[in-house]
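One structure below.
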Amino acid sequence: MTKWVYVFGDGRAEGSARDSHLLGGKGANLAEMCALGLPVPPGLTITTEACNAYYDGGKSFPEGLEADVMAALQKVGEMAGRGFGDPDRPLLLSVRSGARASMPGMMDTVLNLGLNDDSVLAMARESGDERFAWDSYRRFIQMYADVVMGLDHEVFEEILEDEKARLGHELDTDLSAAEWQEVIARYKQTISDELGQAFPQDPREQLWGAIGAVFSSWMNARAITYRQLHDIPTSWGTAVNVQAMVFGNFGNTSATGVAFTRNPSTGENRLYGEFLINAQGEDVVAGIRTPQSITEAGRIESGSDRPSLEKTMPEAYAEFVRITERLEAHYLDMQDLEFTIERGKLWMLQTRTGKRTAKAAIRIAVEMADSGMISREEAVRRIEPASLDQLLHPTIDPAAERPVIGSGLPASPGAATGEIVFTSEEAVDAVRAGRKVILVRVETSPEDIHGMHAAEGILTVRGGMTSHAAVVARGMGKPCVSGAGALRIDMRNRTLLAMGAKLGPGDVITIDGSSGQVLRGAVPMLQPELSGDFGRLMEWADATRRMTVRTNAETPADARAARSFGAEGIGLCRTEHMFFEDGRISTMREMILADSEAGRRAALDKLLPMQRSDFIELFEIMHGLPITIRLLDPPLHEFLPKGAEEIAEVARSIGVEAEALAARIDELHEFNPMLGHRGCRLAISWPEIAEMQTRAIFEAAIEAAKTTGAPVELEIMVPLVGLRTELDFVKARIDAVARDVMAEAGQEIAYLVGTMIELPRAAIQAGSIAEAAEFFSFGTNDLTQTTFGISRDDAQSFLQTYRQKGIIETDPFVTIDTEGVGQLVRIASENGRATRPGMKLGICGEHGGDPASIRFCESVGLDYVSCSPFRVPIARLAAAQAAVKEG
Ligand code: PEP
Ligand code: MG
């Protein structure tokens with residue numbers, strides 16, 4: 001026979017904290033507290049299995065459940081010295097949901113169950129407070145009718161308001177016992193009228209109604225959405241906790257409160273909490289009355305003159321403090337507690353591991369490790385890597401109001417405020433004039449780099465998480481909201497239309513790249529603070545991990561930022577980004593538009609010193625560390641002007657006819673440029689580009705070594721290789737130029753030539769490609785795009801739908817698809833290393849900064865992950881956690 005019900009009370013429990021899969025978090029911890037001998041009102045927990053059986057049986061209770069519950073209730077009654085349905089000493093119950101993961105407020109609760117026309121009289125007698133008894137009864141009717149019978153609670157609010165007006169009362173507390181009885185009569189009448197059935201008087205009927213309602217609330221819309229957002233499987237089901245009621249609203253020696261064993265926002269090791277005298281649990285969170293501080297220190301700090309629990313009820317307080325210490329030492333983590341004091345007697349109603357800010361999480365973990373409560377490894381394991389984002393960027397003050405005017409994808413974390421500008425040129429000009437701006441574009445292109453650099457943050461109407469704006473903004477550590485589809489940009493009138501508001505250049509907005517929100521005006525922010533605890537935790541992480549962490553960077557600013565965050569090299573230098581700066585793009589265009597090799601070489605000669613000086617600076621910043629430089633990759637049309645106006649302007653500046661330029665642009669037009677003339681294909685058509693880049697790299701390496709004394713570890717990377725012969729061809733050119741430069745300088749420079757693996761064919765043929773490639777770097781942005789056949793720039797419109805409809809669980813451009821793309825990475829790694837044992841393997845797609853993907857990289861045995869500078873700390877921590885898991 002399946003055991004559906006677990007009893008707890010009087011210092012004994014059938015379950016324990018280990019049973020949360022069966023008893024839910026709340027039930028398991030109630031059992032645990034009970035077994036520890038703490039004062040917990042007796043009760044029973046119906047298992048999550050019973051919930052699943054309830055659904056399997058078409059919403060009917062499984063066989064045996066009813067008998068088990070009634071037998072358990074008998075025991076609970078004995079422990080409480082009461083009887084369920086007993087007219088003289090009625091056992092009143094709370095019925096609460098409790099899933100394995102906390103789902104605050106998503107499911108239903110019923111309190112005071114067991115009250116009826118008879119037991120209310122017993123309650124009045126026993127308490128000596130008639131008003132209290134009738135008020136409890138009406139609360140129960142209201143809650144039960146709403147939760148179980150489906151009658152909206154507003155119906156009751158209306159009746160109550162009506163009665164109060166009739167009686168000339170302002171507050172609920174003004175009603176007498178007799179007046180509450182009149183209200184109750186109207187409540188019952190309304191239930192009968194509206195539902196054609198009477199409010200149930202039989203406690204058993206009440207109980208089963210409530211249990212059914214809690215089970216059913218597992219599938220309400222709120223709960224379903226919450227589970228989707230938090231990746232909680234439907235198959236977990238909810239448990240139901242049925243527990244003897246204790247009353248915090250039993251006069252002035254009663255109270256109810258919530259507490260944390262440490263401060264959840266700062267992590268400070270001090271009891272922190274609030275309570276209300278003569279109130280029920282819901283009143284504390286409802287915010288109707290202002291709660292008082294539990295400790296005297298907390299009262300003084302908040303400047304309140306209302307007494308603390310420490311002063312008002314010193315005995316209950318002392319016991320509570322002892323219990324909090326015991327619970328923290330038992331669970332070895334900060335606890336979030338609920339308690340009630342009924343006529344001076346303390347009861348514990350809940351304990352669970354408390355939610356906390358990233359800052360608090362780090363402080364708590366470090367202090368617990370320092371005090372020997374937990375190991376350093378455990379401290380590292382406890383911090384959610386993605387939460388470090390909160391510490392690395394300015395964030396919106398949680399206390400601030402949020403005047404939201406739109407929302408999109410949280411493409412790059414942090415918040416930024418500035419005036420709206422619609423073009424990169426305006427951004428640069430405004431910033432030169434000392435103003436702060438947000439660059440607002442339909443979408444960005446590589447040409448916007450300078451505007452993005454200048455802006456505080458970027459907002460785009462189109463594009464997904466791997467759109468140009470998102471990738472580049474993350475790289476720069478700039479906040480970005482992408483794909484804010486409900487916003488409209490009207491370029492002709494230069495306005496941004498957002499939820500009825502019409503904004504223009506100069507109007508101030510704030511974007512929150514951590515939530516995706518767009519807000520009107522300047523919103524107060526908190527600045528990042530990389531405290532000593534953060535540094536220590538990161539040191540512990542570094543001591544634990546196997547993989548190294550590099551960064552994707554090409555500008556000196558990014559490289560410096562990444563080093564300060566602990567990057568151990570550059571895993572991807574996208575050289576094309578170096579050509580977009582002022583003065584370079586026109587030379588680049590000259591090169592692209594030239595119709596002969598000689599023309600191209602002339603332009604390349606002008607680009608050479610620019611590239612070389614960029615590389616020198618980068619090598620100096622990263623001296624001694626490995627740097628992977630990728631040859632030019634994107635389709636060339638990205639560098640070309642668009643639209644008649646821009647074409648005319650460029651034609652003027654390079655001294656050709658506008659028509660001739662337009663015709664050449666037409667010639668270069670591609671239907672599907674992402675699969676077109678890009679990557680190593682450029683180096684094969686026009687090898688002089690790769691040659692110029694190689695020369696710049698080697699000349700820079702020789703130059704930089706003179707100043708730093710530490711030669712860079714050079715890795716030259718060829719993009720988008722599919723065929724071994726492609727790599728052979730390009731590598732021969734690289735080697736030839738390298739030989740020339742070294743001969744000219746009379747100096748040897750060690751270097752490796754490798755390839756990106758970003759096409760399925762390359763992954764499958766990795767064994768053969770590794771004969772030529774000295775390292776592989778997985779470009780999982782393109783590899784995801786080409787494996788799925790889904791454009792990384794257009795996917796967002798339907799991937800959202802896919803997620804909503806359950807076709808996919810996560811965006812494969814964010815978290816690596818281990819079954820498909822991941823398999824290709826695995827095959828390529830194994831076959832590559834079979835050909836070339838010990839071959840260096842890394843990842844430089846966006847997945848390199850995603851904790852779940854980093855776990856996968858560890859399992860494949862990659863040597864390093866490379867990510868945007870601001871994700872370096874996240875990657876360091878995630879790599880450490882992955883190493884602990886794998887080891
Ligand atoms: C990739 O494809 O994963 C990659 C890193 O290259 P890019 O994003 O520049 O195409
Ligand atoms: Mg790529």
Side-chain angles (χ1 to χ4, degrees), residues 411-412 444-446 449 463-476 482 550-555 558 570-580 627-639 672-683 693 715 717-722 726 754-763 775-795 811-817 820-822 824-825 828 841-850 853-854 856-857 862 864-869 871 875:
S412 178
T444 61
S445 76
I449 297 280
M465 293 294 277
T466 59
S467 65
H468 178 267
V471 172
V472 175
R474 279 199 290 276
M476 292 175 179
S482 66
R550 299 195 194 180
T551 191
N552 294 356
E554 42 280 330
T555 68
D558 284 354
I570 289 181
L572 174 62
C573 169
R574 291 176 164 109
T575 50
E576 58 271 18
H577 288 185
M578 299 166 136
F579 293 121
F580 281 105
I627 299 194
T628 310
I629 298 172
R630 179 177 76 185
L631 301 181
L632 191 70
D633 179 24
L636 297 180
H637 78 96
E638 285 192 6
F639 295 90
N672 205 339
M674 271 307 213
L675 299 177
H677 195 206
R678 59 169 289 214
C680 65
R681 298 157 201 171
L682 294 171
Q693 291 199 293
E715 296 169 0
M717 180 154 79
V718 183
L720 216 77
V721 162
E726 287 173 326
T755 181
M756 295 190 75
I757 301 287
E758 46 188 347
L759 294 174
R761 189 181 196 286
F775 65 88
F776 285 161
S777 176
F778 292 96
T780 44
N781 300 333
D782 274 309
L783 191 58
T784 301
Q785 167 165 265
T786 50
T787 301
F788 275 87
I790 290 179
S791 153
R792 58 198 261 198
D793 300 308
D794 304 314
D811 182 341
F813 289 102
V814 175
T815 296
I816 195 160
D817 153 49
V821 178
L824 289 172
V825 171
L841 302 175
I843 182 171
C844 64
E846 286 298 296
H847 304 90
D850 169 66
S853 311
I854 291 172
F856 171 77
C857 295
L862 299 192
Y864 69 85
V865 298
S866 187
C867 58
S868 52
R871 286 164 100 184

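Values below: all heavy atoms of this structure, side chains included; hydrogens, waters and symmetry mates excluded. Order of appearance sets the numbers: ligands from 1, and atoms from 1 within every ligand. FYI, the numbering just counts along the sequence from 1.
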Say whether Glu576, considering both its backbone and side-chain N or O atoms, lies within less than 3.5 Å of an N or O atom on ligand 1.
no
With nothing but distance in play, are any N or O atoms of Cys844 less than 3.5 Å from an N or O of ligand 1?
no
side-chain contact (heavy atoms from CB on, under 4.5 Å) between Cys573 and Met578: does it pass, once the steps are laid out?
CA-CA 9 Å; Cys573 169; Met578 299 166 136; 4.0 Å; yes
For [X], the ligand 1 atoms whose distance to one of its heavy atoms is below 4.0 Å:
{"X": "Glu758", "answer": "1 (C), 2 (O), 6 (O)"}
{"X": "Thr780", "answer": "3 (O)"}
{"X": "Met756", "answer": "4 (C), 5 (C), 6 (O)"}
{"X": "Gly779", "answer": "1 (C), 2 (O), 3 (O)"}

Taking atom SG of Cys857 and atom CD1 of Ile843, what is their separation to the nearest 0.5 Å?
4.0 Å
Closest Asp782 atom to the Mg ion (ligand 2) [N, O or S only]
OD2
Among the N/O/S atoms of Glu758, select the one at the shortest distance from the Mg ion (ligand 2) and name it.
OE1
Among non-hydrogen protein atoms, atom 7 (P) of ligand 1 lies closest to Arg574 NH2, 3.5 Å
Where is the nearest protein heavy atom to atom 6 (O) of ligand 1: which residue, which atom, and how far?
Arg630 NH1, 3.0 Å
Do Asn552 and Ser866 pair up side chain to side chain, a donor and an acceptor below 3.5 Å, judged on atom types alone?
yes
For the pair Phe639 and Phe580, name the ring-plane relationship: parallel under 30°, tilted 30 to 60°, perpendicular over 60°.
parallel
Take Val472 and Ile449, measure what side-chain contact (heavy atoms from CB on, under 4.5 Å) needs, and give me the verdict at the end.
CA-CA 8 Å; Val472 175; Ile449 297 280; 3.8 Å; yes
Test: [X] and [Y] ion pair at under 4.0 Å:
{"X": "Glu726", "Y": "Arg761", "result": "no"}
{"X": "Arg678", "Y": "Asp633", "result": "yes"}
{"X": "Asp850", "Y": "Arg871", "result": "no"}

Shortest non-hydrogen separation from Thr815 to His847 and the atoms involved:
C-CD2, 3.6 Å
Residue from Arg630, Gln693, Glu554 passing side-chain hydrogen bond (donor to acceptor under 3.5 Å, both in side chains) with Thr575
Gln693
Counting only heavy atoms, which portion of [X] has something under 4.0 Å from ligand 1: side chain, backbone, both, or neither?
{"X": "Arg792", "answer": "side chain"}
{"X": "Asp782", "answer": "both"}
{"X": "Leu572", "answer": "side chain"}
{"X": "Glu846", "answer": "neither"}

Examine ligand 1 and decide if any of its atoms is less than 4.0 Å from a heavy atom belonging to [X].
{"X": "His468", "result": "no"}
{"X": "Gln785", "result": "no"}
{"X": "His847", "result": "no"}

Tell me if a side-chain donor or acceptor on Arg681 pairs with a main-chain N or O of Gly676 at a distance below 3.5 Å.
yes
